[in-house]
2 protein chains.
Amino acid sequence: MTAQPPAASRPRGRERARLNRETVLAEALALADADGLDGLGMRPLSQRLGVVPMALYKHVANKEDLLDGMIDLVWAEVEMPDAERGWRTSMGDRSRSLRQALKRHPWAIGLMEARLRPGFANLAQHNAMMGCLRGSGFSFRTTVHVTSTLDAFVYGFALQERSLPFDTAEQSGDVAEQKLQDAPPEAAAAFPHLLEVVRELGAAGYDYDTEFETGLALVLDAVERLRPEWRAELPSP
Amino acid sequence: MTAQPPAASRPRGRERARLNRETVLAEALALADADGLDGLGMRPLSQRLGVVPMALYKHVANKEDLLDGMIDLVWAEVEMPDAERGWRTSMGDRSRSLRQALKRHPWAIGLMEARLRPGFANLAQHNAMMGCLRGSGFSFRTTVHVTSTLDAFVYGFALQERSLPFDTAEQSGDVAEQKLQDAPPEAAAAFPHLLEVVRELGAAGYDYDTEFETGLALVLDAVERLRPEWRAELPSP
DNA sequence: ACCTGAACACCGTTCAAGT
DNA sequence: ACCTGAACACCGTTCAAGT
């Protein structure tokens, strides 16, 4: 599974470029993307870099420091909001961009807000988000509510997208059916509404993109009503 | 830290009740609550039960099966919605109940929807949620949108509540200030809106309960507008 | 300055053996 | 039927040593 060629075939000595923090972080990101957080070991990582495990500790303090660096690489991939483009399109695009980044790096979902030492991209992103909303007329308190709720939606959606055991709309119906069959036999008959889910998802499926856009529009519509100025800006009927 | 008294002081032989799946799952829940998912090892768990690690494998197939059982215990703690009480209060209370359960068992947050073999409580909960919304006049498709969005909010909020590095409103300001100070020195000056966060959270703080209720009301308000019948039920002005 | 090797205290799980 | 013991292939990290 994770079998690797022996040391002889790995680059080493003059063949291998000098290790630095940047290359360690980049390789760690690739390893986590491929094998998940469980696969991200200091030993497998060192092997990919053609080096002995302890060599990594010259470039990262420990695994926590490694994760700090990786998470800031993910933050750097997220588009920054900008009040100039209007808060709604700007915050919407940022949310889509965050979801896509979390899709590329599913192992990062629970870690994005957990950093005690946030990196530069992390700080820049949060600063831009606050700036976008404050600059669009939201009060400080409302800005906090909006970021908290919108981020909760994006993180939670990404979590569901990662953990639901199907990837495509076609699979969703099959999985739902399988789940109900594997469940305790008395269950299937007792849960009529799950039978409807099986039937409907079997026919039309569950599409993540559609669900995300629907939920995002729902939240942004609700946010629109929080802004004190919103009535004045609606086109008069 | 995880030091335990030696074998001599643990119950064993006739002193210890016969092990069964129920007690293994309950003790595993307590261990995960205390030490997190990282602390939940087969060895520490077996030690708490006064038994050798391999004894557990008579009662759970493996760690995955152990987690399946634990997650269904968490689902069993979540209040089930009921159309009789009205979809809004009913879904609201279920969301609060789910958040509280995830607060008691933070290790469970990423796992609630990830079960390939969902337990009875899990199926019952999802069936009740579908039933509550379908029975309140929502179409199947809208019901899917609503559960997807509402759950995303609750899971995402729970994730933030778990991972943000402060617990109380008082702490939030201090942590914000500390974060900005620990960050690269050029950062503090470059991010004016984060300075506002430090200032405001230092004064008023960030209260999770308030934020949750605000976000929940915002989402439920938006859901209200999705129901085709909503206009008819509003009191005429 | 950077990399190595051996060691320590951990994992989940298999297999064969005990009672 | 239920529990034990030894073993295997893994972890992250420390410490002392090499170049």
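This one's a predicted model, so the numbers in the text were calculated from it and none came from an experiment. In the text below, chain A, chain B and the rest are named by the order of the sequence lines, each starting its count at 1.
- Among residues two or more places apart in sequence or in another chain, the ring-ring contact (aromatic ring centres under 6.0 Å, His included) test is passed with B:H126 by B:W75.
- Taking every heavy atom of residues 56-64 of chain B and every atom of DNA chain C, pairs under 4.0 Å involve B:Y57, B:N62, B:K63, by number.
- The pair A:R162-B:E113 does not meet the salt-bridge criterion, since no charged nitrogen lies less than 4.0 angstrom from a carboxylate oxygen.
- Listed by chain and number, the residues in a side-chain hydrogen bond (donor to acceptor under 3.5 Å, both in side chains) with B:S163 amount to none (sequence neighbours excluded).
- Partners of A:R104 under the salt bridge (charged side-chain N to carboxylate O under 4.0 Å, His left out) rule, at least two apart in sequence or in another chain, are A:E77.
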remark   = Dot-bracket for DNA chain C, 5' to 3', Watson-Crick and G-U pairs with both distances under 3.5 Å, [ ] for crossing pairs, | for partner on another strand, reads ||.|||||...|||||.||

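- In this structure, B:H59 has no ring-ring contact (aromatic ring centres under 6.0 Å, His included) partners at least two apart in sequence or on a different chain.
- Under the rule for a ring-ring contact (aromatic ring centres under 6.0 Å, His included), the partners of A:F191 that lie at least two apart in sequence or sit in another chain are B:F120.
- Side-chain proximity of A:L19 to the nucleotides D:dG12, C:dG12, C:dC3 is greatest for C:dC3.
- A:R94 pairs by the salt bridge (charged side-chain N to carboxylate O under 4.0 Å, His left out) definition with A:D151, not counting sequence neighbours.
- Judged as a side-chain contact (heavy atoms from CB on, under 4.5 Å), and not counting sequence neighbours, the contacts of B:R117 are A:D182, B:D68.
- The salt bridge (charged side-chain N to carboxylate O under 4.0 Å, His left out) search around B:D65 returns B:R21, not counting sequence neighbours.
- Every residue two or more places apart in sequence or in another chain was checked for a salt bridge (charged side-chain N to carboxylate O under 4.0 Å, His left out) with A:E22, and none qualifies.
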Please list, for nucleotides 15-19 of chain D, all pairs of protein and nucleotide N/O atoms separated by less than 3.5 Å.
none

